[in-house]
Every structure is written in structure tokens, then in C-alpha cells.
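Note that ligands are numbered from 1 as they come in the structure, with each ligand's atoms numbered from 1 the same way. As a basis for the values below, the full set of heavy atoms in this structure was taken, side chains included, without hydrogen atoms, waters or symmetry mates. These numbers come from a predicted model, not from an experiment.
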Amino acid sequence: MRLWPESARVDGGRLAIGGLDVEVLCRTHGTPLYIFDEATFRSRCRAYRSALERHYAAESAVYYSGKSLLNIAVARLAAEEGLGIDVVSAGEMELARRAGVPAEQLHLHGNAKPRHEIAWSIEAGVGAIVADNLDELETIEAVAHELGRPIRVLLRFAPGVGAATHSHIQTGQQDSKFGLQPDQLPEALRLLATARWTSLVGIHCHLGSQIFDLEAYPVAIEIMLDLRAAIGRSLGSLLAEFSPGGGLGTAYVDSDPDVSIDSFVAMIASAVTKGCERRSMPLPKLFLEPGRSISARSMIAVYEVVARKDLANGTSTGEVSQYIHLDGGMADNLRPALYGASYHAAVVTRMDAPRDQRVHIAGRYCESSDILIRNIDMPAVAPGDLIAVPGTGAYTLAMASNYNWTCRPALLAIGSDGARLIQRRETIDDLLRREIEVRSDIPA
Ligand code: LLP
């Protein structure tokens with residue numbers, strides 16, 4: 001069950017999460033239904049914190065990357081587990097604050113932060129802004145000056161290292177829209193030298209996402225420590241904080257490797273520690289910013305089979321025999337269409353049934369690329385069957401849309417005291433609320 005939430009069990013061929021039967025949950029709450037396992041989320045937050053405590057000798061902190069999955073309940077859980085939150089917009093920031101997360105526990109990221117969002121974050125008292133480019137450094141200083149509020153800043157660099165992952169989710173390479181190029185450091189320091197309201201406290205990089213081959217990290221960390229040393233020489237003191245971002249991959253299908261949070265943190269801690277020793281510099285406070293490796297496995301999506309389409313030449317001996325049409329798809333999980341991402345699936349009431357049909361599992365949306373899973377072996381299914389897709393906590397609901405004017409799914413959390421709805425299903429009235437010229441004379 002390594003792809004599934006930690007509390008998932010199969011009993012008599014039926015899938016349960018936290019002891020609750022998934023079919024019963026779906027019959028109560030409808031489909032598509034996203035089911036979030038609090039135990040998995042918590043244990044992965046704890047894995048990060050305890051690994052840092054064990055492997056890193058100086059101060060450290062974990063900032064959960066809210067862009068992977070954020071709502072009030074999740075923000076609260078992250079804060080309860082002692083994590084800060086990395087936010088990328090006024091929306092994420094406000095949501096975290098409404099969840100009760102103190103503003104100083106938030107870091108504001110983004111390559112194009114609008115001026116009013118910078119102002120909002122400074123007024124709210126955000127812990128730090130991670131400055132992405134030279135223009136932004138000027139804007140931050142100007143806004144902080146206007147508001148008369150000092151702001152802590154980390155400088156984001158693209159260290160020029162390409163991590164082994166899909167090109168759409170690489171961010172640390174030289175030609176990246178994110179971060180300063182290392183040779184822009186003198187200009188950044190020149191701007192900061194005259195800044196009265198901006199205080200530079202650290203440096204940051206983020207290499208990309210869904211990374212299993214960790215080789216790029218020590219290379220990038222070396223480059224970042226050189227930058228730390230260069231900044232130290234220029235300012236006469238070393239910056240106290242360093243964040244090498246997030247990016248650890250998660251297993252979506254059986255053939256994906258498993259890289260544990262512990263080994264990921266150990267590798268980063270060792271690269272930072274050895275690099276600092278070699279340069280005879282004190283260790284920085286180390287921040288990690290994981291998103292997917294905390295949220296992905298914490299949630300499953302469950303869809304109902306609506307219809308099937310047989311393929312003329314399909315057989316059960318390896319050729320695709322059928323399309324299975326679901327009641328959800330790319331509007332709630334864009335990842336297969338956007339990155340060719342692979343997922344596993346199972347029928348929630350026949351988890352152990354032999355998988356003797358090769359099928360494509362298709363979404364409901366008017367788009368040929370809306371195929372959730374291609375070429376998967378499944379038991380025979382019929383309309384009304386429920387299909388669960390594990391590993392759907394990260395970058396699914398967070399990137400969900402209303403394509404085809406459909407409503408976003410409900411989100412149910414399973415905790416120690418049972419199930420509770422944490423986001424209700426969207427309604428057509430929710431969608432209509434933004435329309436200006438709605439006719440009121442048509443009966444609903
Ligand atoms: N820090 C920064 C600055 C980031 O941009 C990101 C993710 C993270 C941390 C967290 O990375 P993670 O640990 O989740 O890999 N939508 C894509 C992934 C986009 C990642 C965006 N940045 C996907 O579905 O694969």
C-alpha cells in the first residue's frame with residue numbers, strides 16, 4: 001500500500017481510509033470525492049522535522065509549500081505540526097491567516113509578485129519575502145518605505161543546475177524565469193546597500209519538483225554556499241539563513257522509486273554541513289520547503305464510472321480493450337494532461353480482483369488530452385463502480401478549474417475522530433455568483 005495514505009487498509013477487497021469504508025463515504029458525499037488522511041499529512045510533517053533535528057546540528061525550520069494543497073484545515077494541520085507555510089499570493093496568504101497561522105510563520109514567494117500583494121504581506125507582518133529579481137528588490141524597498149515597516153528578505157537564485165525531472169517543473173537551471181542569476185549578485189548588493197527598510201537575511205534556491213535523483217542538490221548547495229561566502233565578504237558578515245527549497249518526488253505508480261524524507265534531509269544536511277566546514281563558515285539556519293512529499297500521498301481521489309467505450313481491436317491479452325469514462329478528470333487533476341503524469345487506480349470494492357483488462361481511464365472533459373491514466377490493467381468495471389486514484393494530494397485540487405462549467409469536488413478529511421467535510425462541493429450557484437447579468441425570471 002505504499003502509494004496509498006498511511007491509514008488505508010483493504011478488508012474483504014474493500015478500501016477503507018482511517019477505518020471508514022470508501023464506498024460508504026462516496027455514497028454519502030457524492031463523487032468525485034477527494035479524501036484526505038490527516039494521519040499521513042501529520043506523519044510526513046513530523047518526518048521532516050525529526051530528520052532535520054537528527055541530521056542537522058544548527059537551527060532549522062520546515063515551511064510547507066502551500067501551492068501543492070492548501071485549505072483552512074491543511075494550513076491548520078501544518079501549523080499544529082510546527083511548520084511555517086510558503087505562500088505565493090495574497091490569496092494563499094490570507095487563507096493561511098484565516099486558518100490562524102501567524103503571519104510571521106509565512107514566507108512570500110513568486111517571480112511576479114504584484115506591488116499590492118507585496119504591500120499586503122508587509123502590512124500583515126509576513127516572516128520574510130523571498131525576492132526573485134532586481135526590479136522586485138526595488139519595489140519591496142519602496143513599498144516598505146511607504147508603509148514605514150521594515151521587511152526581512154531572502155534572495156532567490158537560480159544556481160544554474162538542471163534537476164532530473166520533467167522540463168515543465170525544472171526551476172534551478174540557468175534559463176529559468178525564477179530567481180536571480182548568480183552574476184546579478186553585485187547589482188542586488190548595490191541596491192541593498194542603499195535600502196533602509198529591507199534587511200537581507202538569507203538566500204534561497206529551488207531546483208524543481210518531483211525529483212528522485214538527488215544529485216543536483218549538492219551541486220546547487222555548493223554554488224549557493226559560494227554565494228553566501230561572496231555576500232559575506234561584501235557585507236562583512238554572513239547571512240544567517242539558507243533555504244534549498246523543496247522538490248522531493250513522490251511515488252505515483254509501482255515502478256516509481258521511493259526516496260525517503262529522511263534520506264533526502266540527510267543528504268541536504270550533509271551537503272550544507274560539509275560545504276560550510278570546507279569554507280570554515282558557521283552553519284546557517286536551514287529552511288526546507290517541501291510540498292508534494294507531504295501532501296501527495298495524504299489524499300486520494302474517487303470517481304464514479306459513468307460509461308465505457310469498447311475498442312474494436314482490444315483484447316485482454318495486452319491491447320487496450322476499453323475506455324472507462326469517469327465523472328471527473330482534468331478539471332480536478334490536470335497533471336496527466338500537463339506533464340504526462342502517471343497514476344495508479346483501483347476499484348474501491350474489488351481491490352484484490354485480478355487485473356485482466358487493459359484500459360484507458362478517461363475524464364469527462366471536452367479535451368482529447370483528458371485521459372487520467374493510459375494503458376492500465378484493471379478488473380472489469382461497470383457504470384456505478386467507484387475508482388480510487390492514490391497520490392492525488394499534490395497539485396490536483398490546487399490547480400483545479402471549472403472547465404466546461406463544472407463544479408470542483410468536495411474534500412473530506414479523515415481524522416482520529418472520523419470524517420469531516422473540509423471543503424464542500426462547489427455548486428452551479430457558486431459559479432453563477434460572479435456573473436453580472438443573471439436573469440432572475442427563470443425558475444432554478
Ligand atoms: N519552493 C518553491 C519556491 C517552489 O516553487 C515549490 C514548488 C516548492 C517549494 C515545493 O516543491 P515540491 O516539494 O512540492 O516539489 N504543478 C507541478 C509542480 C509545480 C511546483 C511548483 N513549485 C506538478 O504538478 O508537478
Side-chain angles (χ1 to χ4, degrees), residues 41 44-45 47-48 51 61-70 74 78 83-89 92 106-113 128-133 136 154-159 163-173 176-180 202-214 216-217 220 224 242-253 256 259-261 264-265 268 286-299 301 330 332-343 372 389 391-401:
F41 190 90
R44 301 184 79 75
C45 291
Y48 268 103
V62 184
Y63 277 63
Y64 168 64
S65 198
K67 65 186 77 94
S68 72
L69 172 69
L70 198 62
V74 160
L83 274 59
I85 302 184
D86 133 29
V87 295
V88 285
S89 66
E92 286 190 356
L106 306 176
H107 279 178
L108 180 66
H109 271 280
N111 67 302
K113 305 173 189 74
I129 298 180
V130 183
D132 192 272
N133 53 64
E136 188 182 294
L154 281 84
L155 286 181
R156 176 170 182 167
F157 287 95
T165 188
H166 193 290
S167 62
H168 290 189
I169 48 178
Q170 280 184 330
T171 50
Q173 72 280 17
S176 165
K177 75 168 184 169
F178 296 103
L180 294 160
I203 50 175
H204 162 87
C205 66
H206 173 69
L207 302 184
S209 199
Q210 185 60 357
I211 302 170
F212 290 113
D213 176 351
L214 305 181
Y217 283 90
M224 294 300 286
F242 171 45
S243 158
L248 174 61
T250 209
Y252 288 106
V253 289
D256 279 340
V259 179
S260 70
I261 289 172
F264 175 67
V265 173
I268 287 183
L286 182 61
F287 292 91
L288 293 182
E289 267 172 18
R292 186 194 313 267
S293 50
I294 293 179
S295 56
R297 209 183 137 187
S298 306
M299 195 150 82
M330 70 185 296
D332 58 89
N333 185 356
L334 191 55
R335 301 194 67 259
L338 201 53
Y339 318 110
S342 303
Y343 283 92
L372 269 187
V389 181
T392 42
Y395 306 108
T396 51
L397 293 187
M399 300 200 295
S401 76

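Contact atoms of ligand 1 toward G247: 11 (O), 12 (P), 13 (O), 15 (O) (distance under 4.0 Å to a heavy atom of the residue). Below 4.0 Å from some heavy atom of M399 lie the following atoms of ligand 1, by number and element: 16 (N), 24 (O). Annotation for ligand 1: atoms under 4.0 Å from non-hydrogen atoms of P290 are 13 (O). Shown in contact with S65 at under 4.0 Å from a heavy atom are these atoms of ligand 1, numbered in order with element: 6 (C), 8 (C), 9 (C), 10 (C). Residue D86 has at least one heavy-atom neighbour below 4.0 Å for each of these atoms of ligand 1: 1 (N), 9 (C). Each of the following atoms of ligand 1 lies closer than 4.0 Å to a heavy atom of R156: 3 (C).
The two residues D86 and S65 come nearest to each other via the heavy atoms OD2-OG, 2.7 Å.
For T165 (side chain) and Q210 (main-chain N/O), a donor-acceptor pair under 3.5 Å exists by modelled atom type. Checking side-chain atoms of R44 against main-chain N and O of S293 turns up a donor-acceptor pair under 3.5 Å. A donor-acceptor contact shorter than 3.5 Å links the side chain of T392 to the backbone of A301. At distances below 3.5 Å, at least one donor-acceptor pair connects side-chain atoms of K113 with backbone N or O atoms of V130.
Annotation: side chain of V62 is in contact with side chain of P290 (closest heavy-atom distance under 4.5 Å). Within the 4.5 Å cutoff, the side chain of P159 has heavy atoms near those of the L207 side chain.
Checked against a 3.5 angstrom limit, the closest N/O atoms of E289 and ligand 1 fall inside it. Looking at H109 next to ligand 1, no N or O pair under 3.5 Å apart turns up. Not one N or O of G245 is nearer than 3.5 Å to an N or O of ligand 1, by distance alone.
With E289 as the fixed residue, the side-chain hydrogen bond (donor to acceptor under 3.5 Å, both in side chains) test singles out one of H206, H107, H109: H109.
Counting heavy atoms closer than 4.0 Å to ligand 1, residue Y339 contributes side-chain atoms (C-beta onward) but none from N, CA, C or O.
In this structure E92 satisfies the salt bridge (charged side-chain N to carboxylate O under 4.0 Å, His left out) test with no other residue, sequence neighbours excluded. Residues satisfying the side-chain hydrogen bond (donor to acceptor under 3.5 Å, both in side chains) test with S68, not counting sequence neighbours, are Y64, S295.
Ranking the protein heavy atoms by distance from atom 24 (O) of ligand 1 puts R335 NE, 2.5 Å first. In terms of protein heavy atoms, atom 22 (N) of ligand 1 is closest to K67 CD, 3.5 Å. Looking from atom 20 (C) of ligand 1 to the surrounding protein, the closest heavy atom is Y395 OH, 3.5 Å. Nearest protein neighbour of atom 15 (O) of ligand 1, counting heavy atoms only, is S209 OG, 2.3 Å.
Among H107, R292, H206, H204, the residue whose heavy atom lies closest to atom 18 (C) of ligand 1 is R292.
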